[in-house]
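Okay, structure first, notes after.
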2 protein chains.
Amino acid sequence: MTIPRNAVSAKDVAEAAGVSRAAVSRTFTPGASVSPTTRAKVLAAAERLGYHVNHLARGLITAESGIVALIVAELDTPFRSRLLAALTEKLQADGKVAMLINTDRSDESVKGALRQAISYRTDAAVVLSGMPDPALGDLCIRNGLRLVLINREEGRPGALHIRLNDAACGAQAFEALRRIGCVRPAVATSRSATTSLRLRAEGFAHAAEDAGLPATREAIGVTSYAAGLDLGTALLSRSEPPDGIFCTTDLLAFGVLDVARQRFGRRVPEDLSVIGFDDVAQAGWDAYRLTTFAQPVDEISESIVSWLDGNGAADDLVELDAHLVWRDTVSMPSR
Amino acid sequence: MTIPRNAVSAKDVAEAAGVSRAAVSRTFTPGASVSPTTRAKVLAAAERLGYHVNHLARGLITAESGIVALIVAELDTPFRSRLLAALTEKLQADGKVAMLINTDRSDESVKGALRQAISYRTDAAVVLSGMPDPALGDLCIRNGLRLVLINREEGRPGALHIRLNDAACGAQAFEALRRIGCVRPAVATSRSATTSLRLRAEGFAHAAEDAGLPATREAIGVTSYAAGLDLGTALLSRSEPPDGIFCTTDLLAFGVLDVARQRFGRRVPEDLSVIGFDDVAQAGWDAYRLTTFAQPVDEISESIVSWLDGNGAADDLVELDAHLVWRDTVSMPSR
DNA sequence: CTGAAAGCGCTTACAG
DNA sequence: CTGAAAGCGCTTACAG
């Protein structure tokens with residue numbers, strides 16, 4: 001019985017308009033039946049009083065809050081923030097609203113985020129990073145929360161899984177390097193063992209092996225620019241340094257590029273070719289002009305929103321393609 | 001009377017624990033009085049059933065949803081996403097949760113975002129970009145929404161205003177350039193007329209004028225890397241090109257730097273010095289090593305959270321300092 | 001410390 | 001099309 005912070009309620013509007021509370025509820029519920037006359041009266045009163053439907057109360061009744069939780073780690077990373085921007089935009093266009101929950105990738109942290117989402121009765125939770133253990137998935141389902149997992153391997157019944165053609169991209173990266181004449185291919189990746197990164201690296205390694213040009217593989221640190229620097233240093237310090245490097249992430253590629261040019265004096269692409277993954281904004285900057293795979297960020301977002309819209313209670317899998325965008329760190333294959 | 005999506009409620013827990021609904025409510029309300037025995041019974045039952053307090057219902061009663069709306073445009077921009085990350089992190093640490101609302105900077109769009117916030121009865125709205133017209137501020141206040149404005153000039157009673165020492169930084173930038181011997185200073189900024197950008201540019205221009213070295217001023221496009229490219233081109237194509245450029249934003253500086261080196265063959269800092277603003281991650285990358293002003297992102301976030309915690313109904317102003325971080329695009333002043 | 005009861009602001013069968 | 005009434009899941013005086 002605290003003071004209800006003087007927000008105006010449906011009751012106020014009803015009185016002002018001389019109608020019932022049900023009438024005002026109906027004029028704000030799409031598809032409900034109200035006569036044009038009452039509707040007009042209600043709208044006028046609502047406008048005058050500054051009424052806004054209380055979505056908390058509505059959510060309580062309809063069991064649909066309209067909120068979807070976005071669970072993400074390292075959201076200030078270029079790729080992550082781009083995905084976040086696209087996702088919130090599509091969500092809003094669809095009449096939903098995003099709740100942003102930061103995690104540190106630890107299981108405990110993701111669990112806390114999921115609990116948060118449950119407490120607010122969000123309609124769904126989208127896990128952009130971190131890999132919830134199976135028990136957490138059950139927690140969601142049991143609480144009527146729909147789950148979408150991006151780039152997670154393990155299947156979870158009832159959830160939407162979004163995957164990329166990671167392995168195929170890895171193979172394509174090798175193929176691109178082979179075509180321009182690279183003979184000492186390498187893959188550079190981080191030790192963060194996410195499924196997608198592993199798949200990209202494996203796809204590359206397998207293709208290389210099949211072609212009889214075994215790739216050297218280096219994995220250092222977390223996915224960051226700094227790790228890229230270390231990766232480049234490690235790779236180019238070898239007695240037989242690579243002449244083509246596939247980095248599983250753009251951030252890694254930028255570090256490799258900088259260290260290759262500035263510390264090892266390599267010319268790119270003359271002495272060394274580099275391919276990245278993500279197609280983050282910086283990949284298009286003149287300092288890099290990185291040849292890389294573009295993640296279909298808009299398609300990912302759209303798939304999620306449309307799955308959310310459907311009432312697909314069944315589990316689902318969406319496979320999307322990343323495609324290579326050619327810039328200047330690999331010579332165009334001559335045909 | 002739709003099926004309440006089988007989430008478990010306090011009533012279920014009460015029955016399972018053999019206590020009243022009030023008892024379970026109390027065990028989840030910090031500071032409420034429950035005996036250790038009942039508390040234990042409730043906790044056990046809650047754990048077993050997977051109970052989570054419904055924050056929608058709680059918010060309805062307490063008139064505090066625990067949600068704070070973050071209203072932001074271009075959130076996939078390096079600085080914006082960094083601020084967003086810091087803010088959500090502090091907010092969470094303080095027991096609140098962030099609702100992320102994307103806008104396109106238009107007044108109409110910000111208005112929609114604010115309405116969204118009101119509908120969900122968020123405790124506060126933090127406007128990271130876009131400049132709401134005065135009427136919108138009133139809308140918030142009238143609906144019991146606390147407002148925090150970052151880098152907005154116009155005062156709004158009841159709101160928290162966070163400002164930086166923008167003008168002083170502009171002056172300091174000029175001073176830094178003058179000390180190393182620049183004689184043809186320039187400011188490069190965008191046409192997005194935000195207060196902070198304007199103040200930075202003016203601070204620089206005034207200091208230059210006072211020193212008898214009038215600065216040339218160029219303003220192009222929106223705040224982006226692409227605009228930086230155009231800015232650099234425009235400035236360096238002049239008959240008397242500048243030897244020192246202060247860019248009101250790091251993004252602009254990266255463009256200027258790339259075009260200066262690659263298209264105009266300038267060596268930095270030998271032929272040209274450049275100073276940015278924000279200290280975004282890329283400023284530390286080897287390709288740039290940009291001397292720039294670091295925004296006190298953590299302090300900004302902390303100020304907001306602590307203001308939110310206090311019940312300061314009065315309006316408030318917090319002034320924070322950005323400080324220059326020296327890297328390699330300006331020679332250290334010799335003393 | 002504890003429970004019964006009122007009330008937050010809404011939506012939705014149910015009758016008319 | 002419309003209103004009176006029930007109910008969503010919670011918290012909080014009020015009595016005990």
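Order of the sequence lines sets the chain letters (A, B, ...), proteins ahead of strands, with each chain counted from 1.
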Quiz item: Is there a side-chain polar atom (N or O) of A:Tyr51 under 4.0 Å from OP1 or OP2 of C:dC10?
Solution: yes
Quiz prompt | Nucleotide nearest B:Val34 when distance is taken to its side chain, options C:dT2, C:dT11, D:dT11 | solution = C:dT2
Quiz item: Can a side chain N or O of A:Thr62 be found less than 4.0 Å away from OP1 or OP2 on C:dT12?
Solution: no
Quiz prompt | Protein-nucleotide distance (A:Asp12, atom CG; C:dC8, atom C1'), rounded to Å | solution = 13 Å
Practice problem: Indicate the atoms forming the closest heavy-atom contact of B:Val8 with B:Asp12, along with that distance. | Solution: CA-OD2, 3.4 Å
Practice problem: Mind calculating the distance between CD (B:Glu64) and P (C:dC8) to the nearest angstrom? | Solution: 17 Å
Quiz item: Of all the nucleotides listed (D:dG9, D:dG3, D:dT12), which has the minimum atom distance to the side chain of A:Arg26?
Solution: D:dG3
Self-check item: Length of the NZ-C1' vector between A:Lys41 and D:dT2, whole Å
Solution: 11 Å
Practice problem: Report the base-pairing partner of C:dA4 (Watson-Crick or G-U wobble, both distances below 3.5 angstrom), or none. | Solution: none
Quiz item: Of the nucleotides D:dT2, D:dC10, C:dC1, which one has an atom closest to the side chain of B:Ile61?
Solution: D:dC10
Quiz prompt | base_contact_polar (D:dG9 base, A:Arg121 side chain, donor-acceptor, <3.5 Å) | solution = no
Practice problem: Would you kindly give the CG-to-P distance between A:Asn54 and D:dG9, to the nearest whole Å? | Solution: 16 Å
Practice problem: Using a heavy-atom cut-off of under 4.0 Å over every strand shown, decide if A:Ser33 touches base, sugar-phosphate, or nothing. | Solution: base
Quiz prompt | Spacing of A:His55 atom NE2 relative to D:dC8 atom P, expressed in whole Å | solution = 21 Å
Exercise. Would you kindly give the CZ-to-P distance between B:Arg21 and C:dG7, to the nearest whole Å?
Key: 15 Å
Self-check item: Closest to side chain of A:Ser35, choosing from C:dC10, D:dG9, D:dT2
Solution: D:dT2
Practice problem: Provide the Watson-Crick or G-U wobble partner of D:dA13, both distances under 3.5 Å; none if there is no partner. | Solution: none
Exercise. Quick one: label A:Phe28 by what it contacts on the DNA or RNA (base, sugar-phosphate, nothing), any heavy atom closer than 4.0 Å.
Key: nothing
Practice problem: Under 4.0 Å between any heavy atoms, over every strand shown, what does B:Ser25 touch: base, sugar-phosphate, or nothing? Just pick one. | Solution: base
Exercise. Step by step, work out the side chain to side chain donor-acceptor pair (under 3.5 Å) result for B:Asp76 and A:Ser81.
Key: CA-CA 5 Å; B:Asp76 55 346; A:Ser81 63; over 6 Å; no
Quiz prompt | Nearest-Å distance once atom C1' is located in both D:dT12 and D:dG16 | solution = 16 Å
Quiz item: Are A:Asp309 and A:Lys96 close enough for a salt bridge, meaning some N to O gap below 4.0 Å?
Solution: yes
Quiz item: With respect to B:Ile71, which candidate in B:Leu128, B:Leu114, B:Val126 satisfies the side-chain contact (heavy atoms from CB on, under 4.5 Å) definition?
Solution: B:Leu114
Quiz item: Looking at the side chain of A:Thr29, which of D:dC1, C:dT11, C:dG9 is the nearest nucleotide?
Solution: C:dT11
Quiz prompt | Closest to side chain of B:Ala23, choosing from C:dC10, C:dG3, D:dC10 | solution = C:dG3
Exercise. Could you pick out which residue, B:Pro36 or B:Ala57, lies toward the 5' side of DNA chain C when each is mapped onto its nearest nucleotide?
Key: B:Pro36
Self-check item: Atom-pair distance (CG on B:Leu60; P on D:dG7), nearest Å
Solution: 18 Å
Practice problem: Could you check how far NZ of A:Lys11 sits from C1' of D:dA4, rounded to whole Å? | Solution: 15 Å
Practice problem: Classify the nucleic acid contact of A:Ala22 as base, sugar-phosphate or nothing, counting any heavy atom under 4.0 Å across all strands shown. | Solution: base
Practice problem: Check whether any side-chain heavy atom of A:Leu75 sits under 4.5 Å from a side-chain heavy atom of A:Leu100, and report yes or no. | Solution: yes
Practice problem: Take B:His52 and A:Arg121 through the test side-chain contact (heavy atoms from CB on, under 4.5 Å) and record every step on the way to the result. | Solution: CA-CA 9 Å; B:His52 290 79; A:Arg121 300 301 190 265; 4.2 Å; yes
